[in-house]
Every structure is written in structure tokens, then in C-alpha cells.
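Here the structure is laid out as C-alpha cells; the discussion comes afterwards.
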Amino acid sequence: MQHSAARAVIVATVIFAVAQSLLLLGITTPDKFYFDEVHYVPAARQMLAPATREPMLNPMHPPLAKQIIALSIEAFGDGPLGWRYPATLFGALALVGVYLSALALFASQSRAIAAVLLAFFNQMLFVQARIAMLDIFALAFSLLAIAAFIHGFRRQRPQRFFALAGLACGLSIACKWSGLFVLATCIAITAVIGLMQSWRTRFADGNAEDWYRPDLWPDLRLHHLVVCFAVIPAIAYLATFIPLYGPSPSDIIEAQRRIFADNTTTAIAGHTYQSSWPSWPFLVRPVWFLFDKVGDDRIAAVVSLGNPLVLWPALIAIAVALRDWIVARKADAFLVLAFYAGPYLAWALLPRSLSFIYYYLPSATTASLALVYALTREGAPRWLLWAFVAVGCAGFVAMLPITAAFIGTSMATFNRLMLFQNWI
């Protein structure tokens, strides 16, 4: 056990170091704000000022991610590196979260590494890990929460891992309220299992691979769940407001009211790149973060789209997992589905009419787990998974000219990559 844990730490460290090195390439291009950096970097700057009370910039989101960007600006200067370095840090940390989640699911180093590569090649994570926005911070903490939860799910005494999951969820929510979706998924899983146990439900031919068993977590009690998934997340979340407001309950409560109002009000539709949640898995409408003419026939472009060679086949993998959960009751399939569908379908419940494809980022990332699950089912040839990883890599490389601004591209290449009118 100690040997396997030490090996996991070493592999996770290598993944982190290699990923961040790759994400840092050309990170200072462009040398100006692009897309929503215009909102978040000024808010981070304000946090470094001696007086940051009123008016508070970007009050519609919690402060943690902006606080981290502020620390980076203080350390590396108020320029492109200072703005974007934390995104690369948390992009690498997100991949570590994928690795730990896959290791807990599959108990296989090779399958876990394949999941990391597919998450990297899905293009969405790469783009978000190179821009000073909030999503990559929330994603990293959410994936660490998922990893902790799955590790706990496998154990008779999951309290410690569930507590870690709750802590990571609290920090994710402190970056962006969409982190609530992973916490809600964890709560829903434990609630359903607890309810079935209270009904003394049994499968007629139950086995160790079932997603539900009546003897699961025999020592887990309601107060454990309340502490893990309510108290710990709340403390972690609210603590991030103290540097801004001090220990003032009224100011902190008012900040929550403002965040709630701004995130639940139906937005006015009409943004050029808006898209609705049912279209995201099909990559119908990308968001152009950057499109600059830098020469006679050269452009610098960054598009948040997703790699079709990874994310379209992922829909088939999700269907396979759904079949295995319904027909064979497999725990792996259940967990893959839960952490894909939970953060995705939650958007259907929100009253916002203005939404974008990069909101699909958490589910697009956990889709790599579904792909590994489907491609390594019993009877699948061993080479199939790595052949698919190679295909995903090819798609990622082909999209680099419209993914990394420092590479640049020509209008001819741009037109070749834009396969559909909706992508322009």
C-alpha cells in the first residue's frame, strides 16, 4: 500500500510539472487583456490596493480565484505572466485531479495516465488554463473533490475522504458558484444510497461491483455527512471573504445576496457567442476568446470549442456507461455518469438565458473518465485505448493554430479548421 501511494505521488508530481511547463509556453501572448480578463484582472488588482471596499469590482463571483490572481500579480508583476500564471498552475492541478480520480476508479496507472492525456487533448482545459478567468480554478478544486469522493466511495470508512471532498468543494465554490454542482452531486449520491439502505433494498444477485450495496459504509452516519458536505464546505467558502470584509457577518451576507442576485437573474440574450446547454456536447457554437490580425495574412486566435475527435466520441462512451449502469449496475459506470451529468445537467435548472460552451468544461473533462471506461471494458483490445489517445492528440495538434495565440495562423488554415458555419 505504501509503495503504491508513493508511486502515485511521484506520477502526480511528474504530471503536474510536465503539464505546467507545456501550459506556460507562449503564455504572455497576447500582451493585453483578452476576453473576460477585462473583468477579473482589474478585480484582482483592486484587491492589492490599500482600500478595496467600494465600489467592489466583479461582485458577481466569489473572491478566491481573484485573490490567487492578485497574489500572482504581486509576485510576477502586473503583466501577462502575472495575470495568467495561476491559470497554468491550476490547469496542471486539474490534470492531477483527473489522474487521482482515474486511479481511484480503475486502479490502473496506465488507464489513469490515458485519462490525463485525453483531458489535456480535449482542448477546453488547455484554453482555460492559459487565460485569467475563474473557471480553471473552480475546475481544479472540483476534480480534487471528485478524486477524494471516489476514493472514499471505495472504502468502508469514507469519512476522511468525504471531508477532503467537502473541503475541495468549498474552495471550488469560493472561486465560482458552479462548484456547487459537484458538491450537489456528492450529496445526491450519498442521499440516494442512504435512502435505499433505510428501505433495506437488496439486489437479488448482488455482487461486489454493484454501485449500491446494503453493507456500504456501515459506520457512516447522518452527522458525518452534514459535517463533510455542509459544515466543512461552508467554513472553507466563507473564510475566503474575510480578507475582503473582515469578520463582518453583515457584509459577508450582503456579498452572498449580491452574488445570488447576479447569478440567478435572467440575463438579456444577444451575445454573439452564446449557446444553450443542450448544444454543448455537440460543439455547436464555440466562443472566440481572441481574433487579432497580426500581419498581412496572419492572425492570432484562441477559440474555446473542444476537440471533436475527443468530445464527440465521448458521447458514445457516456451511452456505454449508462447501459452498464442500468444493465450491470457497475459502480465505475455509475460514478462516471454522476460526475459527468451532475455538473452538466445542473445548467438546465438555472434561469439564465446567457450561457457559453466553456460552462461545459467540467463535464468535458470528466468525459475522459468515460472514454477510458468504455475503451477498456472487458473484451476490448489493449491497443484500442492508446490508439484513441493518439487520435485525440492528432486533433489537438491540428487545432493548436486556433488554440494558442503565440503560434498564429493564416486565414487559409483558419478557414480549413472552421468545418461548420456555426463555428465562425
Side-chain angles (χ1 to χ4, degrees), residues 1 100-108 142-170 173 179-235 317-346 348-349 362-363 366 369-370 372-374 376-378:
M1 181 67 71
L100 295 176
S101 299
L103 198 60
L105 269 174
F106 307 123
S108 165
S142 290
L143 288 169
L144 292 174
I146 291 170
F149 184 89
I150 295 174
H151 274 281
F153 190 94
R154 301 293 198 196
R155 286 164 168 75
Q156 289 291 87
R157 295 182 55 83
Q159 289 91 327
R160 181 178 59 173
F161 288 99
F162 283 0
L164 289 173
L167 174 62
C169 282
I173 299 163
L180 279 165
F181 302 156
V182 169
L183 178 62
T185 302
C186 294
I187 293 171
I189 291 171
T190 54
V192 167
I193 289 175
L195 185 62
M196 292 177 69
Q197 288 175 332
S198 71
W199 291 341
R200 300 185 179 181
T201 304
R202 291 182 180 274
F203 295 138
D205 56 344
N207 61 74
E209 291 190 8
D210 284 342
W211 68 272
Y212 162 79
R213 301 194 311 275
D215 62 340
L216 194 64
W217 315 326
D219 299 324
L220 189 66
R221 300 290 181 265
L222 178 61
H223 68 271
H224 294 139
L225 296 176
V226 170
V227 170
C228 291
F229 297 127
V231 176
I232 291 176
I235 292 173
I318 292 296
V320 170
L322 179 61
R323 180 265 176 201
D324 283 359
W325 174 48
I326 294 172
V327 175
R329 306 190 305 261
K330 289 187 177 294
D332 289 356
F334 169 68
L335 291 168
V336 162
L337 283 171
F339 287 112
Y340 171 84
Y344 169 52
L345 295 179
L349 305 177
S363 295
T366 55
L369 302 176
V372 172
Y373 173 82
T376 57
R377 292 170 77 241
E378 186 177 354

(message) Nearest 0.5 angstrom please: Leu345 CG to Phe181 CZ, how far?
(response) 10.5 Å
(request) State the OG-CG distance between Ser142 and Leu180, to the nearest 0.5 angstrom. (result) 9.5 Å
(message) Determine whether the aromatic ring centres of residues Phe162 and Phe149 are separated by less than 6.0 angstrom.
(response) yes
(request) Work out which heavy atom in Asn207 is nearest to a heavy atom in Arg329; give both atom names and the distance. (result) ND2-NH2, 4.0 Å
(request) Evaluate the side-chain proximity of Gln156 to Pro218: yes if any heavy-atom separation is below 4.5 Å, no if none is. (result) yes
(request) Check whether any side-chain heavy atom of Val182 sits under 4.5 Å from a side-chain heavy atom of Pro362, and report yes or no. (result) no
(request) Could you tell me whether Arg154 atom CZ has more than 12 heavy atoms of other residues or ligands within 6.0 Å of it? (result) yes
(request) Side-chain contact test, heavy atoms from C-beta onward, threshold under 4.5 Å: evaluate it for Phe339 versus Leu105 and give yes or no. (result) no
(request) Could you go through the side chain to side chain contact (heavy atoms under 4.5 Å, CB included) check for Phe153 and Phe161 one step at a time? (result) CA-CA 8 Å; Phe153 190 94; Phe161 288 99; over 6 Å; no
(request) Could you check Val227, Leu220, Val226 and say which one makes a side chain to side chain contact (heavy atoms under 4.5 Å, CB included) with His224? (result) Leu220
(request) Could you check Thr366 against Leu143 for side chain to side chain contact (heavy atoms under 4.5 Å, CB included), going step by step and ending with a plain yes or no? (result) CA-CA 8 Å; Thr366 55; Leu143 288 169; 4.0 Å; yes
(message) Show the nearest heavy-atom pair for residues Ala370 and Ile318, with the distance to one decimal.
(response) CB-CD1, 3.6 Å
(request) State, to 0.1 Å, how close Leu100 and Ala147 come at their nearest heavy-atom pair, and which atoms those are. (result) CB-CB, 3.7 Å
(request) Please report the closest heavy-atom contact between Ala163 and Cys228, naming both atoms and the distance. (result) N-SG, 3.5 Å
(message) Minimum heavy-atom separation for Arg377 and Val320, please, with both atom names.
(response) CD-CG1, 3.4 Å
(request) For Pro158 and Trp217, work out which heavy atoms get closest and say how close. (result) CG-CD1, 3.7 Å
(message) With a 4.0 Å cut-off on N to O distance, would you call Asp332 and Lys330 a salt bridge?
(response) no
(request) Would you give the length of the straight line joining atom CG of Leu167 to atom CG of Leu144, rounded to the nearest 0.5 angstrom? (result) 10.0 Å
(request) Starting at OG1 of Thr185, measure out to CZ of Phe229 and round the result to the nearest 0.5 Å. (result) 11.0 Å
(request) If the plane angle is over 60° it's perpendicular, under 30° parallel, otherwise tilted; pick one for Trp325 and Phe334. (result) tilted
(message) Return the CD1 to CG distance between Ile232 and Leu183, rounded to the nearest 0.5 Å.
(response) 11.0 Å
(message) With rounding to the nearest 0.5 angstrom, report the CD1 to CH2 distance, Ile193 to Trp211.
(response) 6.0 Å
